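See structure below.
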Amino acid sequence: MSRVFRLAAMLLGIAPMAMAGNEARPAANDWATAVVRIEFSRTLYDLYQPWARRTGRTLKTGLVVAERQVLTTAQDVSDHTLVRLQKGGRGEWTLGKLLWVDYRVNLALVTTAEESFWRGLRPAVWLDGAPPGEAALQIVRWREGKLESRRAEFTQFTVHPSQTSGLNHAQLEVDSEIQGAGSGEPVVVGSRVVGLVSFQGGRGCRVIPASFIRQMLTAHGADNSRSPGYFHFYWAPAENVASLAQLGLPGSPRGVLVTKVPARLDGQPNVLRRRDVLLQVDGFAVDIQGDYRDPDFGPLMLEHLAVRGKWAGDEVRLRIWREGREQTVSYRLPRYDFAHDLVPWGPYDQPPQYLIMGGLVFQPLTRAYLQQWGAEWEQRAPFRLRYFVGEEATPEQPAVVVMSQVLPDPYNIGYQDLRYLVLREANGRPVHTLGQLQEALRQPQGGFHVLEFLANDSFRRIVLAAAGADQQATARVLERYGIPQEAVLTGGAAAQ
Amino acid sequence: MHWYGSVLDGYSARSSFGEMHRCSNVCLWAYARRLVGFCKTLVTVGLVGWAVTSAGAAQPERSVVQIVVFRQEPDWTLPWRFDAVRPANGSGFVIKGRRLMTNAHVVSWARQILVRRFQDPRPYLARVEFAGHDCDLAVLTVEEERFFDGLEPLEFGELPQVRSTVVTYGYPAGGEEISYTRGVVSRIELSAYTHPGNRQALSVQTDAAINPGNSGGPVIQDDRVVGVAFQGIPGLENTGFFIPCPVIQHFLRDIADGRYDGTPQMGIQLAPLQNPAYRARLRLPDNDLGVRVDYIRPHSPATNLLQREDVILQIGDYPVGSDNKILFAGNRVSGKLAIQLVQCGEPVSLRVWRDGRELSVAVPVRWFDEDRAGGNQYDVRPRYYVFGGLVFTPLSRDYLRSAFQGAARGESRDGDAELTYELFFRPQEDPGSVRKEPIVLSNVLADSVNANWSLRSRALVDRVNGMRIECLEDVIRAFETNTNAFDLVEFGRSQMFECLDHAAAVQAQARILKNYNIPRDRQL
């Protein structure tokens, strides 16, 4: 996106913020009545040994946003066992509880029944629209008993996936000297809240903007039945005007090229086709880079139009160029669901699934599993596993099961070194979930289990004894390796 | 490094790509370039006397030569270009027939080869007569006949015993004159050969210092050559590898007819058969014999002769253990060796267990070239085609290495997921959809005709003007036969597509070739 567009966006934002800029700048301590600390004690899992648990503690920043409601980001909230709140940055902690969390949009609400906690606290006020370019932004949090307020400089509005899902929405980027932010610290201007910091990399911070937060909180407050939607199709910039000309689009270059339209998992018909030119979304003209002019944020990638005042199931009017003529189609927004990804985000708020049979450990392929390879998991995780990241789940292949390791036992001798193999079939049945595997293992072939894997550097097929030997071996392995149960299959789709 | 699914022949390449390189076996040639000036303990003058004495009165050092090569490798992303000329040193030795033997990696991509005799200041021009890149051996001839005057060819010995002593001769980095190092044979097994990148063969590990520049030099025991030094493991002390005589003799027998046919393969992947349940299911006796056919490559020599779930009990004269190992000269090594010892075109007799009974099968083995793009390629200029500034070239390991700077060498297998999958996994996983020669858009050479292209490089080409692209010739045909105003190029997994004004591209062709100094629009 050109700098010219960015400048225009900033100028458009000046008018509403001029008022905010005229307000006397409140002292940093004024935010002491709205900013609190939240401690989440959590169960942490080692996905190399999915039955193993340990405990951890996460400190986050919360913002009082309504009566008895403290908002923070959803990162590092999952699998919590205890919530505590602290105001004033020091002193007594108050027991709290998680009121609501949505990992798709990376937001969580916390409350406490303790009346005294709320005394002296008052809800923060959200900023309407975007902050002006010259506004003095501050990032606020409690640190070592004092309220820290660090200057932040507006950089740009962008569209990025949430930190806890693949859901794209507008985000604000700022530069700041603050260190270790990204845990829900409010970004403020004057007496208004601009958003919450969800990520920091170097000096750059990514901020969930107020307008997006308010939309989500309003929906939650209403009936909590609305889900965010998304555009499930793929598009490419149409900067190559020859491509538009080849498709016969008259006039000046505009729109983007629809390149891939996966089958919808919700049964809705696909109204878009590959090689359509997407010209407008709900009346917003789309330029050849895929940006539209957002009334609040200026030029933004069109993905944000799936969540800007919209929800899953809502109709979006798409103006397209197809087969020599412009036409309008009505696109029903699919619900953003973790299960739509072949390698889903999370899972959150559920113990990792696994199934052990005779020492062979099977696990679903998830991002959390791949993230066991560390921050650089996208380079370091086994290629055959990370290859699936970014693929859509399909009815034919809704998920992937990995044989992650073999716990040595006389039963599985000869296979002890196998690991990270993608399971294709068990006893002649296709396997994509642990449930399918469990079912297949109930029906061995002639007294044997026959397991087939995708092409790999080692075995593609292994055979193991059934007829009771498998169960005996499983019991022996559980005993020898101190594993409490042979399978955890609860959950299915990740908690939202 | 794990090798459970021992592979009988070459397409284990992918495995070595992923695993062995993590062990960082690196050709001493490449190693030499990075470690100029590096010098391990060398045998001193006093030890020279010992070495000579030890090697016998034949004075083998007189038959050991220094090889100075000026080499130039192509740029696989801009395939008409070559990198800068680089000098490098290796070693070699005189063999029968007034020839020199060295490593293929010493002389690959050579623009000029000079050889120097022991204590002789005169350089002689040499040329490659045979290069076996799969076994990393080469035979050179020297144009001036007098080069061989007074030089005795070295005789070859047998596979040395483990724990026996060997002496390496060569011209490693760290000095100008010949160097000798002594060590014991530590281990004998099949290991990944770094030069081809996707082949395993018999190699001998020794603790004799084998350093950059030793490549191609003889390893001697009892006055006879028992191996050719060829690779080491950077960072691992006292570990060097040499190519032993069974591999050398196979190479020499192969070229005896004036042509190198290569190390043969059968086209199957074998898996150890040690689990009692699996053996019981196949009704095999509990005798630790037999290895299971886990995969048969389509169109390979074994395709119609063997079946998946066949159990190979014996290859040639070698019974095969349930760990997929044979006993070879007192060493347990991969059963793959029993096939590699046969010459291309010859049948390999197998004793096979199928459906509860034993039978004999003869499989004619051959050189397997279908996976050449998955290995390092040498001395053949990359194929390409340029149209409208779009550079198309075949997908290869070399291309990935150039495009992703080391990805294909194993430092990371990331590169590009689609290209990596296409090159290394699709042939096994979905052979029906494999393209004969996957083509990538390697570069877009900026010109007004393509100025607005979004996709600039590293994209797998699916179709051009509606034609499915199976090889580079298809790309050329699709552009040259287009009668529409625009050329439509469609790409792989992303399903992206881009267009080119055909008339403008044709008009721009000469200009682009001139601007980018490209000698011709194609190299086929």
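Computed from a predicted model, the values in this text were never measured in an experiment. Each chain gets a letter, A, B and so on, in the order its sequence line appears, and its residues count up from 1.
- A donor-acceptor pair under 3.5 Å links the side-chain atoms of B/Asn275 to the main chain of A/Ile413, judged by distance alone.
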- Task: Evaluate the criterion side-chain contact (heavy atoms from CB on, under 4.5 Å) for residue pair B/Tyr278 and A/Tyr415; output intermediate values, then yes/no.
- Result: CA-CA 11 Å; B/Tyr278 212 151; A/Tyr415 307 138; 3.2 Å; yes
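- For chain B, no part of A/Ala469 is nearby; none of its heavy atoms comes within less than 4.5 Å.
- Per-residue counts of heavy-atom pairs under 4.5 Å with chain B were compared for A/Val389, A/Leu257, A/Val241; the largest is that of A/Leu257.
- Using modelled atom types and a 3.5 Å distance limit, the side chains of B/Asn452 and A/Glu239 yield no donor-acceptor pair.
- Of the two parts of B/Asp501, only the backbone, made up of N, CA, C and O, holds a non-hydrogen atom closer than 4.5 Å to a non-hydrogen atom of chain A.
- Neither the backbone nor the side chain of B/Arg279 comes within less than 4.5 Å of any heavy atom of chain A.
- For the pair A/Arg460 (side chain) and B/Gln269 (backbone), a donor-acceptor distance under 3.5 Å is absent.
- At a 4.5 Å heavy-atom cutoff, B/Ala504 makes no contact with chain A through either its backbone or its side chain.
- Considering every non-hydrogen atom in both B/Asp294 and A/Arg461, the closest pair reads OD1-N, 3.4 Å.
- A salt bridge links A/Glu452 with B/Arg308: at least one charged nitrogen is closer than 4.0 Å to a carboxylate oxygen.
- For an aromatic pair to be called close, the ring centres must be under 6.0 Å apart, and B/Tyr421 with A/Phe383 fails this.
- If you measure heavy-atom distances from A/Arg274 to chain B, the contacts under 4.5 Å come from the side chain alone.
- Formation of a donor-acceptor pair under 3.5 Å by the A/Asn240 side chain with backbone atoms of B/Cys499 is found in this model.
- With a 4.5 Å cut-off on non-hydrogen atoms, B/Leu488 touches chain A through its side chain but not through its backbone.
- Only the side chain of A/Val450 comes within less than 4.5 Å of a heavy atom in chain B; its backbone stays farther off.
- When heavy atoms are compared at a cutoff of 4.5 Å, B/Ser322 does not approach chain A at all.
- Considering every non-hydrogen atom in both A/Phe448 and B/Ala277, the closest pair reads CE2-O, 3.1 Å.
- Neither the backbone nor the side chain of A/Arg380 has a heavy atom closer than 4.5 Å to any heavy atom of chain B.
- Using a 4.0 Å cut-off between charged side-chain N and carboxylate O, B/Glu429 and A/Arg424 make no salt bridge.
- Proximity to chain B involves both the backbone and the side chain of A/Tyr387, based on heavy atoms less than 4.5 angstrom apart.
- Side chain of A/Ser243 to main chain of B/Glu498: no donor-acceptor pair is present (N/O by atom type, distance under 3.5 Å, no hydrogens or angles).
- Side-chain contact check for B/Gln495 versus A/Tyr234: every heavy-atom pair is 4.5 Å or farther apart.
- The CZ atom of B/Phe425 sits 10.0 Å away from the CG atom of A/Leu454 when rounded to the nearest 0.5 Å.
- Side-chain contact between A/Lys260 and B/Met496 is absent, with no heavy-atom pair separated by less than 4.5 Å.
- By the neighbour-count criterion of 12 heavy atoms within 6.0 Å, atom CD of A/Gln445 is densely surrounded, having more than that number from other residues, nucleotides or ligands.
- At a 4.5 Å heavy-atom cutoff, the contact between A/Leu247 and chain B is made by side-chain atoms alone.
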